[in-house]
Amino acid sequence: MLAVKGGKICTMGNQGIVEDGVIIIEGDRIIALGRNLTIPQDAYIIEAQNSWIVPGLIDAHSHLGLEEEIYRIEGDDVNEMSDPITPYLRALDGVNFWDIGFRDALKGGVTRTLCLPGSANIIGGQAVLLKNWAENKTEMVYEEIWGLKAALGENPKRVYGQQKKAPMTRMANAALLRESLFQAQEEMDKSPDNKDFFRKEPLFRILKKEMPILIHVHRADDILTAIRIKEEFDIDMVIQHGTEAAFVAKELKHSNIPVCLGPLLVNRAKVEMKEVAFESAADLFSKGVKFCLITDHPVVPIEHLRLCAALAARAGLDEEEALKAITLNPAEILKIDHEVGSLQVGKKADIAIFSEHPFKITAVVEKIIIDGRVWRDQFE
């Protein structure tokens with residue numbers, strides 16, 4: 001049994017901020033949270049009187065372990081640029097669980113991450129939802145498959161345009177995505193041979209709404225194309241990046257499509273990112289679009305997720321909403337808010353303890369707890 005005692009507990013739930021509170025953990029779950037609680041005698045106590053205690057941060061779009069920072073060919077497994085349609089690939093098969101990025105994530109308070117294939121292909125493969133630490137590396141896999149990565153815009157047309165093959169235009173981008181979904185729809189109720197089933201099974205799951213399509217789009221026109229395809233095939237969709245999402249907020253809200261917004265702590269590296277701005281977060285919030293903030297690690301180092309939220313708050317987003325954008329909101333978008341994203345009785349004990357408010361540049365992580373276990377590597 002474990003107890004976190006004292007400090008400001010930012011529950012991100014219906015208890016709000018609990019001053020000088022106590023969290024009692026048994027196994028991987030929170031069993032009590034509040035003030036003036038009796039701590040069991042056999043509990044290991046973490047003293048946190050002057051600290052800020054928040055849910056473990058969640059990055060809903062990264063390439064952690066899949067695109068390693070210090071390698072080029074050896075550790076770059078994010079894009080399979082031999083075919084624009086590769087739904088059968090799994091990000092999990094490319095993840096290096098010994099990537100130094102996982103340690104960086106923990107040092108930044110990030111406990112869970114959605115790792116996706118890259119955006120070179122129209123359909124790039126299946127994402128994996130990870131815990132950023134476990135005593136056994138195999139236990140770091142939270143969900144083997146969570147969504148299917150797709151892409152519109154500049155990246156696919158640039159990659160395959162250089163090869164003088166489709167897609168070379170935005171028209172071909174959309175056509176190839178439609179064709180893949182159409183063919184899968186036609187074959188879903190038939191009995192495809194084993195090879196076809198293996199290659200198209202992820203598309204069948206998309207069409208059955210068993211998982212969403214995670215679509216890389218920056219520009220407003222590409223977002224509108226994505227919305228059309230969503231409506232045509234009646235599928236679930238999450239916008240990835242959404243640099244110009246605020247321009248089409250009305251359409252996104254009407255279609256109930258959330259946005260994983262970012263990376264924002266970047267330069268304008270290409271034309272479709274010319275509107276990148278921290279003000280976009282406040283704009284989406286004011287227009288009622290569900291969103292979270294992402295790093296796209298290693299584009300922005302994952303330990304800076306909290307700084308992205310802090311800068312969004314400086315640019316006009318309410319401070320509590322900014323903290324939600326890296327805790328509760330990504331949990332809701334990833335449909336794991338029944339277990340993580342807020343500190344509540346019955347939920348998993350995923351906790352980050354900071355020396356100061358997480359948005360302060362001088363704040364450091366004092367303790368990380370994942371599934372009720374304290375990460376100790378940083379202190380050894």
Side-chain angles (χ1 to χ4, degrees), residues 78-94 114 116-129 143-161 163-217 219 221-241 248 251-252 254-258 260 333-335:
V78 73
N79 282 303
E80 176 59 49
M81 294 182 286
S82 57
D83 187 329
I85 306 295
T86 55
Y88 48 89
L89 301 182
R90 297 186 181 187
L92 176 57
D93 295 328
L114 185 68
L116 303 90
S119 52
N121 292 350
I122 297 299
I123 302 178
Q126 298 158 87
V128 58
L129 192 52
E143 289 191 28
E144 280 194 23
I145 296 172
W146 202 99
L148 181 65
K149 176 69 179 293
L152 298 174
E154 291 180 16
N155 287 10
K157 62 178 258 182
R158 181 183 67 251
V159 169
Y160 290 96
Q163 299 179 30
K164 303 300 182 186
K165 59 189 284 190
M168 297 177 66
T169 64
R170 280 181 161 81
M171 294 182 293
N173 283 349
L176 286 175
L177 181 54
R178 278 195 180 93
E179 180 183 48
S180 298
L181 290 166
F182 178 79
Q183 289 178 348
Q185 198 171 54
E186 290 288 294
E187 297 172 17
M188 190 163 57
D189 298 324
K190 299 178 183 178
S191 299
D193 62 41
N194 290 337
K195 180 181 177 181
D196 281 347
F197 183 84
F198 168 73
R199 288 178 173 266
K200 294 182 179 178
E201 190 267 345
L203 293 167
F204 299 158
R205 294 188 63 194
I206 293 293
L207 292 164
K208 293 176 182 178
K209 293 189 174 182
E210 295 176 356
M211 63 180 183
I213 197 161
L214 310 167
I215 191 154
H216 165 114
V217 276
R219 259 174 38 173
D221 55 338
D222 291 321
I223 296 172
L224 291 178
T225 298
I227 293 173
R228 287 193 294 273
I229 292 171
K230 176 202 184 303
E231 300 299 335
E232 289 167 21
F233 291 93
D234 187 26
I235 57 178
D236 291 333
M237 178 176 286
V238 180
I239 295 295
Q240 301 292 323
H241 305 305
V248 289
E251 291 84 355
L252 288 168
H254 176 75
S255 296
N256 195 29
I257 301 175
C260 295
I333 290 170
L334 297 174
K335 302 186 187 304

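Everything numeric in this text was worked out from a predicted model, so none of it was measured. FYI, side chains are in, hydrogens and waters are out, and symmetry mates aren't considered; it's all heavy atoms of this structure.
Here the side chain of T86 pairs a donor or acceptor atom with the backbone of I123 at under 3.5 angstrom. Judged purely by atom type and a 3.5 angstrom limit, E80 has no side-chain atom pairing as donor or acceptor with the backbone of G124. In terms of modelled atom types and a separation under 3.5 Å, the side chain of N79 and the main chain of S119 share a donor-acceptor contact.
Once rounded to the nearest 0.5 Å, the distance linking NZ of K230 with CD of E251 reads 13.5 Å. Summarising the geometry, atom CD belonging to Q163 is positioned 8.0 Å from atom CE belonging to M81; distances are rounded to the nearest 0.5 Å. Atom NZ in K149 sits 9.5 Å away from atom CG in N121 (nearest 0.5 Å). Separation of atoms SG (C260) and CG (L334) is listed at 6.5 Å; rounding is to 0.5 Å. Distance check, rounded to the nearest 0.5 Å: CG of L224 to CG of L152 gives 11.0 Å. For the atom pair OH of Y160 and NZ of K165, the computed distance is 6.0 Å after rounding to the nearest 0.5 Å.
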Intermediate values then yes/no, side-chain contact (heavy atoms from CB on, under 4.5 Å), I213 and L177: CA-CA 11 Å; I213 197 161; L177 181 54; 4.1 Å; yes

Audit row: L214, W146, side-chain contact (heavy atoms from CB on, under 4.5 Å) steps and yes/no: CA-CA 9 Å; L214 310 167; W146 202 99; 3.6 Å; yes

R90 and V128: CA distance, side-chain angles, deciding distance, side-chain contact (heavy atoms from CB on, under 4.5 Å) verdict: CA-CA 8 Å; R90 297 186 181 187; V128 58; over 6 Å; no

Step-by-step side-chain contact (heavy atoms from CB on, under 4.5 Å) determination, H254 to E231: CA-CA 11 Å; H254 176 75; E231 300 299 335; 5.5 Å; no

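Enclosure of atom CD in E144 is not indicated, since only 12 or fewer non-hydrogen atoms of other residues, nucleotides or ligands lie within 6.0 angstrom. Applying the 6.0 Å contact sphere to NZ of K209 captures more than 12 heavy atoms from other residues, nucleotides or ligands. No more than 12 heavy atoms of other residues, nucleotides or ligands sit less than 6.0 Å from atom CG of N256.
Closest of all the heavy-atom pairs between P167 and P84 is CD-CB, 4.0 Å. In terms of heavy-atom proximity, I227 sits nearest to S255 at CG2-OG, 3.5 Å. The two atoms that bring F204 and F197 nearest to each other are CE1-CD1, 3.7 Å, heavy atoms only. Across all their heavy atoms, A174 and I229 have their closest contact at O-CD1, 4.2 Å. Across V159 and A120, no two heavy atoms sit closer than the pair CG2-CB, 3.9 Å. Across every non-hydrogen atom of L116 and A127, the tightest pair is CG-CB, 3.9 Å.
The aromatic rings of H241 and H216 sit perpendicular, their planes meeting at an angle over 60°, well past the 30° parallel limit.
No donor-acceptor contact under 3.5 angstrom links the side chains of R170 and N173, judged on distance only.
With contacts defined as side-chain heavy-atom distances shorter than 4.5 Å, the pair V238/I215 does not qualify.
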